[in-house]
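Take a look at the structure below.
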Amino acid sequence: MSRLLVRDLAQLVTPAGTGAPLRGRALGELDVTEDAYVLCQDGRVAGTGRMHDLPAALGDVDELDGRGLVAIPGLVDCHTHACFAGDRVEEFALRAAGATYEELHAGGGGILSTVRATRAAGEDALAAAVERHRRWMLRAGTTTFEAKSGYGLDRDTELAQLRAIRAAGGVPTWLGAHAVPPEFDDADAYTDFALTEVLPQAAALAEAADVFVERGAFGVDQARRYLAAARDAGLTLRLHGDQFSELGAVPLAIELRARSIDHLEATTTDGVAALARSDVTGVLLPASALFLDRPMPPARALVDAGAAVALATDFNPGSAFTESLPLVCSLAATQLHLGPAEALCAVTVNAAHVLDRADRKGRIAPGYDADLVLLDAPDWRYLAYHLGHDHVAAVVLGGERPELG
Ligand code: NIG
Ligand code: FE
């Protein structure tokens with residue numbers, strides 16, 4: 001039996017209640033305990049409370065000194081593209097000089113330039129890349145991450161990506177419909193290939209399927225065909241939708257009962273109202289909007305209308321080269337007009353819901369996985385308040401102290 005006592009915490013902060021996803025007022029309801037402890041046993045939280053209520057005879061237990069620290073749940077990044085080779089630093093410089101992301105994509109760069117590097121890398125190099133990115137995420141407080149394929153777009157590389165993500169402990173999503181690779185004439189022909197040649201094996205490796213609905217990528221009819229086949233193969237459905245243009249991805253997500261629709265920078269009033277009436281979670285990616293100098297998604301309107309929202313990094317080499325959910329929380333507060341408490345719920349319990357793990361991730365409560373982040377801050381709101389700061393003093397993952405080096 002392994003036990004860890006995190007003691008003398010300045011604050012212990014966790015989303016209130018047990019349900020998921022949190023909507024409306026419930027998004028942002030937290031339990032804050034001062035002068036607190038967390039007892040972890042066999043990878044789970046065994047108890048929490050105030051220090052003066054700590055049971056007297058705990059027996060043999062490792063201790064972690066929480067003085068001056070704030071404990072929040074391990075952060076959950078529910079949307080990343082963490083399995084890639086190479087970089088896009090040349091394109092970054094071109095964009096800084098005025099080129100747009102869409103122009104670079106149309107010219108064969110963008111996603112397709114990462115596809116070339118990822119196809120050439122080989123599975124060992126991809127596994128090493130995801131592992132490196134996992135460590136970056138962990139240092140920023142992310143204890144659970146999703147990662148997508150989508151930089152292979154041929155059978156062997158897509159499957160290698162999914163295996164590499166699993167090997168690093170990520171939650172794998174098959175983004176088989178990310179872009180049309182150059183060896184195909186059109187999106188229909190590529191969709192046929194992906195569904196007949198890749199889906200049967202991808203379905204055994206991935207938990208979800210995702211599609212990029214956008215001009216120059218996949219239209220609504222192709223996306224419907226791709227997602228319906230993925231659903232029949234047992235995968236949860238997700239969409240990249242309304243990033244640049246509102247093509248009908250929101251109604252499609254609702255029609256197919258998708259778990260999430262992600263981006264929503266171009267979503268207007270009807271889309272907000274429709275999402276609020278649905279069970280589809282809107283995953284907001286403000287680091288991507290910032291990185292591409294695009295409009296921010298209508299986060300405040302979504303929350304006020306009662307939609308379920310989560311926040312994620314979109315970590316990738318082209319449109320969001322950041323692994324930091326604390327930065328995303330700062331952007332949520334300064335750009336999306338969400339309070340720090342709403343942001344914290346959106347990167348914990350609601351993100352865990354998107355990954356179908358809200359029964360064990362995203363809260364610090366008995367029975368949940370013992371995943372904690374200890375912030376070197378006097379108040380948990382520093383997570384969003386201290387812009388760009390490295391707050392993470394320690395991480396507990398499954399009741400253990402992982403290497404952060
Ligand atoms: O979510 N929009 C499409 N896909 C990614 C970008 C991937 C890339 O640029 O490599 C996104 O922003
Ligand atoms: Fe993305």
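One-based numbering, in listed order, for ligands and for the atoms of each.
Ion pair Arg294/Glu265 not flagged as a salt bridge, since none of the NZ, NE, NH1 or NH2 atoms sits closer than 4.0 Å to an Asp/Glu carboxylate oxygen.
Classified by interplanar angle (parallel below 30°, tilted 30° to 60°, perpendicular above 60°), the ring pair Tyr190/Phe193 is tilted. Aromatic ring orientation, His386 versus His389: parallel (interplanar angle below 30°, classes split at 30° and 60°). The aromatic rings of Trp136 and His133 sit tilted relative to each other, their planes meeting at an angle between 30° and 60°.
Atom CZ of Arg23 has more than 12 heavy atoms from other residues, nucleotides or ligands within 6.0 Å. A 6.0 Å sphere centred on CG of Asp359 holds more than 12 heavy atoms belonging to other residues, nucleotides or ligands.
Protein contacts to the Fe ion (ligand 2) involving N, O or S atoms at a distance below 2.8 Å are His79 NE2, His81 NE2, His240 NE2, Asp314 OD1.
For ligand 1, residues of the protein lying within 4.0 angstrom by heavy-atom distance are His79, His81, Arg88, Tyr101, Ile111, Tyr151, His178, Phe212, His240, Gln243, His263, Asp314, Asn316, Gly318, Ser319.
If you look at Tyr101 and Phe291, their ring centroids are not closer than 6.0 Å. Between Phe244 and Phe212, the gap from one ring centroid to the other reaches at least 6.0 Å.
Closest non-hydrogen pair, Tyr368 versus Ala358, comes out as CE2-O, 3.5 Å.
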